[in-house]
Amino acid sequence: RGTVDLAVIGNEVLFRKDMAPTELIGYIERFREAVPHVPVAVGEIAGSLLENPEVIRACDVVGMHQYPYWEGECISHAIRNLDSAYSAVKAIAGNREVRILETGWPTAGRKRKWDSRYDQAVASLWNARRYLEGVRRWARLNRVIVYWFELADERWKLATEGPPGPHWGRFTEDLIRKY
């Protein structure tokens, strides 16, 4: 009753193939019936949203995740990557608001390179700061709500995401500001 502004149903469940789009839409509809006064969104990688436009249509607000680093983009093309993904999702979303629920850049870890035709994404303190500043400018210019991922480093992510996994925070695990 007034304490929830937006319900995000599912977090990268299509990307990980944890459930089918129809199952996710079922959860969205179930929530909407139970709590009709709260708008509903999903939290998904842009590519998963583009592959499943029916999920976009089921939402009141579209929650998009975009990580140019994971796509192997060099830092000089990162904002262009974010903008391109946002524009593609927005084109399908129509009048629905699209928010960037997750984006960020790791401050340490390995280079990310999908194949030799692409530039390398380099995890570094400098690149994380440069990307954050670029995202801030882009968000203001385009009037898009963006949530930075993430506040503090999390060591446990090494096992699931490899060397860059623990290093996405703006702060260390001890909450010391990195930049």
Side-chain angles (χ1 to χ4, degrees), residues 5-6 8-16 39 41-53 55-57 59-154 157 160-171 177-179:
D5 296 331
L6 179 68
V8 180
I9 309 295
N11 184 58
E12 298 181 5
V13 297
L14 299 177
F15 174 72
R16 288 190 313 270
V42 296
E44 273 299 334
I45 300 292
S48 297
L49 291 169
L50 294 170
E51 292 169 3
N52 299 284
V55 172
I56 292 174
R57 288 188 296 271
C59 295
D60 302 306
V61 174
V62 181
M64 182 186 121
H65 300 175
Q66 186 65 15
Y67 291 98
Y69 171 83
W70 284 128
E71 294 189 7
E73 288 287 349
C74 68
I75 192 63
S76 61
H77 299 142
I79 298 301
R80 182 172 57 197
N81 173 280
L82 176 70
D83 183 65
S84 176
Y86 174 84
S87 296
V89 171
K90 184 66 180 157
I92 295 172
N95 293 335
R96 289 172 190 81
E97 177 187 8
V98 178
R99 294 183 185 182
I100 310 293
L101 295 185
E102 289 187 19
T103 196
W105 196 277
T107 57
R110 67 179 180 269
K111 290 180 180 177
R112 184 76 179 168
K113 187 173 185 177
W114 290 107
D115 81 34
S116 60
R117 294 173 295 168
Y118 297 103
D119 292 321
Q120 293 181 346
V122 177
S124 72
L125 192 61
W126 168 253
N127 285 345
R129 184 176 181 174
R130 183 174 170 192
Y131 184 61
L132 174 63
E133 290 168 357
V135 168
R136 283 179 172 164
R137 283 190 303 275
W138 177 86
R140 276 194 305 271
L141 180 67
N142 293 284
R143 297 182 178 167
V144 177
I145 295 174
V146 176
Y147 298 90
W148 186 258
F149 187 86
E150 68 188 321
L151 175 67
D153 287 347
E154 297 180 275
K157 289 185 175 182
T160 57
E161 296 180 11
H167 303 288
W168 289 82
R170 292 198 54 210
F171 294 81
R177 183 183 297 265
K178 291 182 184 181
Y179 54 87

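The CZ atom of Arg130 sits 14.0 Å away from atom CG of Leu125, with the distance rounded to the nearest 0.5 Å. Here the CG atom belonging to Leu14 is positioned 7.5 Å from the CG atom belonging to Leu49, to the nearest 0.5 angstrom. To the nearest 0.5 Å, atom CZ of residue Phe149 and atom CD of residue Gln66 are 14.5 Å apart. Rounding to the nearest 0.5 Å gives a distance of 7.0 Å between CG of Leu101 and CG of Leu6. Taken to the nearest 0.5 Å, the CG atom of Asn81 stands 8.5 Å off from the OG1 atom of Thr103. Taking CD1 from Ile45 and CH2 from Trp70, the interatomic distance works out to 10.5 Å, rounded to the nearest 0.5 Å.
Contact detail for Met64 and Leu82: the closest heavy-atom pair is CE-O, 4.4 Å. Annotation for Tyr179 and Ala128: closest pair OH-O, 4.0 Å, computed over non-hydrogen atoms. Contact between Gly109 and Ala123 at its shortest, heavy atoms only, is N-CB, 3.8 Å. The minimum heavy-atom distance linking Pro164 with Tyr69 is given by the pair CG-OH, 3.5 Å. For the pair Ala78 and Pro68, the tightest heavy-atom approach, listed with the atom from each and the gap, is O-CG, 3.4 Å.
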Pair up each side-chain donor or acceptor in residues 83-94 with any protein partner under 3.5 Å, not counting sequence neighbours, and list the distances.
residue: Asp83; atom: OD1; partner: Trp138; partner atom: NE1; Å: 2.9
residue: Ser87; atom: OG; partner: Asp83; partner atom: O; Å: 2.9
residue: Lys90; atom: NZ; partner: Gly94; partner atom: O; Å: 3.3
residue: Lys90; atom: NZ; partner: Arg96; partner atom: O; Å: 2.8

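Contact of the His65 side chain with the Phe15 side chain is not registered, since no non-hydrogen atoms from C-beta on lie closer than 4.5 Å. Side chains of Cys74 and Asn127 form no contact here, defined as non-hydrogen atoms less than 4.5 Å apart.
Under the rule for a side-chain hydrogen bond (donor to acceptor under 3.5 Å, both in side chains), the partners of Asp153 that lie at least two apart in sequence or sit in another chain are Lys178. The salt bridge (Lys or Arg N to Asp or Glu O under 4.0 Å) test applied to Arg170 returns no partner, not counting sequence neighbours. Shown here are the side-chain hydrogen bond (donor to acceptor under 3.5 Å, both in side chains) partners of Arg57, two or more places apart in sequence or in another chain: there are none. Under the salt bridge (Lys or Arg N to Asp or Glu O under 4.0 Å) criterion, Arg16 pairs with Asp18, sequence neighbours left out. Partners of Glu12 by salt bridge (Lys or Arg N to Asp or Glu O under 4.0 Å), not counting sequence neighbours: none found. For Arg129, the salt bridge (Lys or Arg N to Asp or Glu O under 4.0 Å) test picks out Glu133, with sequence neighbours left out. Residues forming a side-chain contact (heavy atoms from CB on, under 4.5 Å) with Glu154 (at least two apart in sequence, or on another chain): Glu150, Trp156, Lys157. Residues passing the side-chain hydrogen bond (donor to acceptor under 3.5 Å, both in side chains) test with Asp60 are Arg32, sequence neighbours excluded. Applying the side-chain hydrogen bond (donor to acceptor under 3.5 Å, both in side chains) criterion to Ser48, with sequence neighbours excluded, gives no partner residue. Listed by chain and number, the residues in a ring-ring contact (aromatic ring centres under 6.0 Å, His included) with Tyr131 are Trp105, Trp148 (sequence neighbours excluded).
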Q) Taking it one step at a time, do Arg137 and Ile79 satisfy side chain to side chain contact (heavy atoms under 4.5 Å, CB included)? A) CA-CA 10 Å; Arg137 283 190 303 275; Ile79 298 301; over 6 Å; no
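Judged by distance alone, the side chain of Glu44 and the main-chain N or O of Val13 form a donor-acceptor pair under 3.5 Å.
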